[in-house]
Structure formats: C-alpha cells, structure tokens
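Below you'll find the structure, written out as structure tokens, and then a few comments.
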Amino acid sequence: MQMDPRTILPPYRIKVVEPIPFLSAEERQRALAEAGYNPFNLRADQITIDLLSDSGTGATSAAQEAAAALGDESYAGARSWFRFRDEVVDLTGYPHILPVHQGRAGERILFTSLLKPGQICISNTHFDTTHANVELAGAEPRDLPCPEAADLDSVEPFKGNIDLDALERTLTGPEGHRVGLVLMTITNNGLGAQPVSMANLEAVRELCRRHHVPFFLDAARFAENAWLVSQRESAYSDWTPRQIATRAFQLADGCLVSLKKDGLSAIGGFIGLRDDDLHAVCEANLIASEGFSTYGGLAGHDLERLAQGIREVVDPAYLRARAASTARLARLINDAGVATVQPAGIHGLYLNAARLLPHLSPRDFPGHSLGCQLYLDGGIRCAEVGSLYLGTVDDQHQLVTPAPFELVRLAIPRRVYTDTHLEYVAAVLADIAKDPERVRGYRIVSAPRLLRPFKVILEPVTATEGAAATDA
Ligand code: F0G
C-alpha cells in the first residue's frame, strides 16, 4: 500500500451530511464588512469551513440518535437521567453528579457554592468563562502555567502542566490561607491545547491534600487529555484512554465538565462531587437556577445522546484517528511555512500570527488580521487568541498592554470535516504565507467593556496608514 504510514483511518463512515456554502470573494468581502470585521457576527451560511469552536459542533452517531429517540421527558426521575448518571458515575467514580446545560452553568454553581469572596482560585490556565465566573463569585483567578508553556516552539510533551513550584510557594506563602480551590484544566485550552500529565495531577493532589485545599478538574477534554497521556507518558502506555480518564477523575475531589466537547453532543455538562455538604449546597443552587437535579436544564433526548457519547469518545480507534488528523493538518501548515504552537494538540491548532506577519505590530492585531484573511481568501472562520482578546485597551480603543502571544486558534469540530476539508484550510494558509505582506492590520471602532471579542467592531487599516505608522 502507498498510503502515508501516519494516515489513520477513522473508525466510522458518514451517514448524514449537510451542504456547506461557497461564497465568491466579493460576497465574503461584503459579509465581513457587514459583520464589522468580527467573525462572531458572520452568519453560518456565509462560512465554508467553520473552525471557530470545537464546542457543541461535533457530529453525532447513529447510535446516539437512536438513543435520543428513547429520550424520556418526565419532569423528574426520567429513565434518561439514570442512564446518563450511571455512565458518568462509571467513568468518574464520583458519588454525586449534577447535570447542567453547559460547562459555564456548572462553573457558576460550583464557584458560588464553594468560593468565598477574597479567596484565590489557582489553575494551570482558567478558560475565559471560568475566569469570569471565579470573578463573579468575588474570588481571584490566578494562572500558574508551567514555564515550558512560554516557549511556543518547544516540543515538551506536557506544556499544559501547572508550575508545581509556584503552586507550592503560593500554598506555603503569606497568601496560602486565601487559596480556596485548585482547578486543573485538561487539556489546557487557553494554552495551545496542551495536555496535562498524570504525574502533574498526582503532585497537585498531594499539595492540595497537605494544605487542605479542594482540588477540581475542568475536564472538558478528558478523553483527548487521556489519549495524549497514553501516547506521551510512559507509565500509562498500557492503559486505555478510559482507564486514564477515570484515574484522573479519581485523583481530584470533584470536576466541572462541559460535555459540548468530549460528550460528542451539542449541549450538556455536569458537576461531579465527593463531598456531601458541598453537593447539598450545589444541588439547591442547581434547582433554583438550572432545573431539577435529574435534568439540570437538559432534555431527556440530550441526556441519552450524552450517555452514548461518553462511551464513544474514549474509543482508542476514534481518538487515534482524530489526533492523527490534527497532526497531519499541523504538518501541512508547518510545511507551508506557518508556525503553530508545538507539539500539536488534538482539538485545535494555534497559528503563530506574529511570526507570519512581522510587518504588523500588536496594535494592528496580527492574529485577528490573519483570521480575517482566512475568511476573505477561503471562507474559513477561526478565533483570535492574542491582543484583541487578551490585551488591554484605553478609552480610545488603542492597545495599551499587548498579549504575550499573537495566535489564531483553528478549532477542529469532532467527526465533522474530512482530511480533504483540512487540506483546503492548509492550502489557503499556504497562499497567505507566500505573500504575507498583503495582510492588513485592523483597528477597533467600538468595543464593549466586558467580553470584548464577542461584540467588538473593527475596520481595516488602509495600506497608506499602515506604511505611515511603520515609518513613524
Ligand atoms: N472549560 C473549558 C476548558 C472550555 O474550553 C470551555 C468552553 C468551558 C469550560 C465552558 O464550557 O462552553 O459548555 O459553557 N470552551 C469553548 C471553546 C467555548 O470554544 O473553547 P461551555
């Protein structure tokens, strides 16, 4: 056989499809201008390949849809709830499971029940809604990523880890008594989709035990982290992804899980808990704000799809093929001269826009510029993770503090795009890389104070303005 030995066949074939739109270059230009140059304002029917998020965007299986037909919509105690709960208890080992409609609902319920105002929540990296919900609970989110994460090119296997020395210093230092929670995000979405090792989780558990601080997982991508552990951490090379995921849950006192990712469904999530008292407080909070504790804002058919999805997602053949597909895209992109955060993760690739577009300064928002160019040239939608998202701006919307990196995330929905679709993405990027100077910068026209990336309006900087700014 002449196949690339790195090609892995996905363990499924496609049964139901939907058309994708192809707009002309002029139509895309008009659509992006009408969207205020903010991809969040584009309509889905203006997009050819949508890599904005891997959340709730996956394809379901025939088995999931068959299960959904059995959805029991009884208000309380539905059969679908028990099927879901049994699957989650089997996977996680937690005695208490509270269903929620998506991850951030679980964040709000847990943090307002557990954290006291003035406390600190420490993480390898908080996801943005997690960060916001810690603050809304009156506490302070603090990220302590491992030092290796700062080198985008290093191929260290576990750049998602927390900095254990910094964690210990905080716990034993003058602020130690203020630490109310340690939350490990697996995989580390905020830092290049990098995995967390089991050794790191074990060390975090020991530190938390010693200092009597609750240790939780934000396990939105529990199966993908488990796969990368099985491939990169020798002590776990004989373990199945499911065994590794279960072991990770066992190490912690509880978890938050958005099931819109590794639940292989459009909606859903849960909180897992060991502590009876904390469960009672969270349950009251859940009933008041999400729904009764046997549905938590989800329909019976959602619970059925999720129960089946949780089984399918830990299939080694599925995880191997998905990881290989992302790695293949990374190779194509890197071969075209575009750097990505190394090593490749699974749910997303992070393009190094600053390196590709050295003619743009952070105040031109190079990550955003590259994202817009991918749409203008190829109808591809993706998300900036750079100064537009993470930097601070003044009242005139001028950038004051840039982000440490200017990245663009290509998030890969699960079971949705074939390698041919991804080859197209690499080809569009390769064309940009041949003539990067044509990519123009952008400036902010208006921006809300809160949650800027979602509602910001921008405009392109004209070629003459750009040149004048560079001369100055
Ligand atoms: N935690 C992590 C690590 C996440 O990536 C997300 C969502 C959440 C929590 C919140 O979950 O969306 O179900 O409320 N991440 C999506 C993304 C939105 O595109 O990365 P949710």
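Remember, it's 1-based here, ligands and their atoms both numbered in the order they're listed.
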Legend entry - Arg311: partners by salt bridge (charged side-chain N to carboxylate O under 4.0 Å, His left out), with sequence neighbours left out: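 Partners of Arg311 under the salt bridge (charged side-chain N to carboxylate O under 4.0 Å, His left out) test: Glu87.
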Inset, instruction - Output all residues satisfying salt bridge (charged side-chain N to carboxylate O under 4.0 Å, His left out) with Glu423, sequence neighbours left out; order by chain, then residue number. - result: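 For Glu423 the salt bridge (charged side-chain N to carboxylate O under 4.0 Å, His left out) partners, ignoring immediate neighbours, are Arg328.
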Legend entry - Contacts of Phe216 that satisfy ring-ring contact (aromatic ring centres under 6.0 Å, His included) - sequence neighbours left out: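 Here no residue qualifies.
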Inset, instruction - Output yes when Glu140 and Arg178 qualify as a salt bridge under the 4.0 Å nitrogen-oxygen rule, no when they do not. - result: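 A salt bridge links Glu140 with Arg178.
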Inset, instruction - Using a strict cut-off of under 4.0 Å between a residue heavy atom and any atom of ligand 1, list the qualifying protein residues by chain and number. - result: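 Its neighbours under 4.0 Å (heavy atoms only) are Ser53, Ser55, Gln102, Gly103, Arg104, Glu107, Phe127, Thr129, Thr185, Asn189, Asp218, Arg221, Ser258, Lys260, Lys261, Arg409, given by chain and number.
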Legend entry - Sole candidate of Arg320, Lys261, Arg414 that passes salt bridge (Lys or Arg N to Asp or Glu O under 4.0 Å) when paired with Glu224: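 It is Arg414, the one option of Arg320, Lys261, Arg414 that forms the salt bridge (Lys or Arg N to Asp or Glu O under 4.0 Å) with Glu224.
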Inset, instruction - Could you check Thr326, Asn189, Asp262 and say which one makes a side-chain hydrogen bond (donor to acceptor under 3.5 Å, both in side chains) with His347? - result: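 Answer after filtering Thr326, Asn189, Asp262: Asn189.
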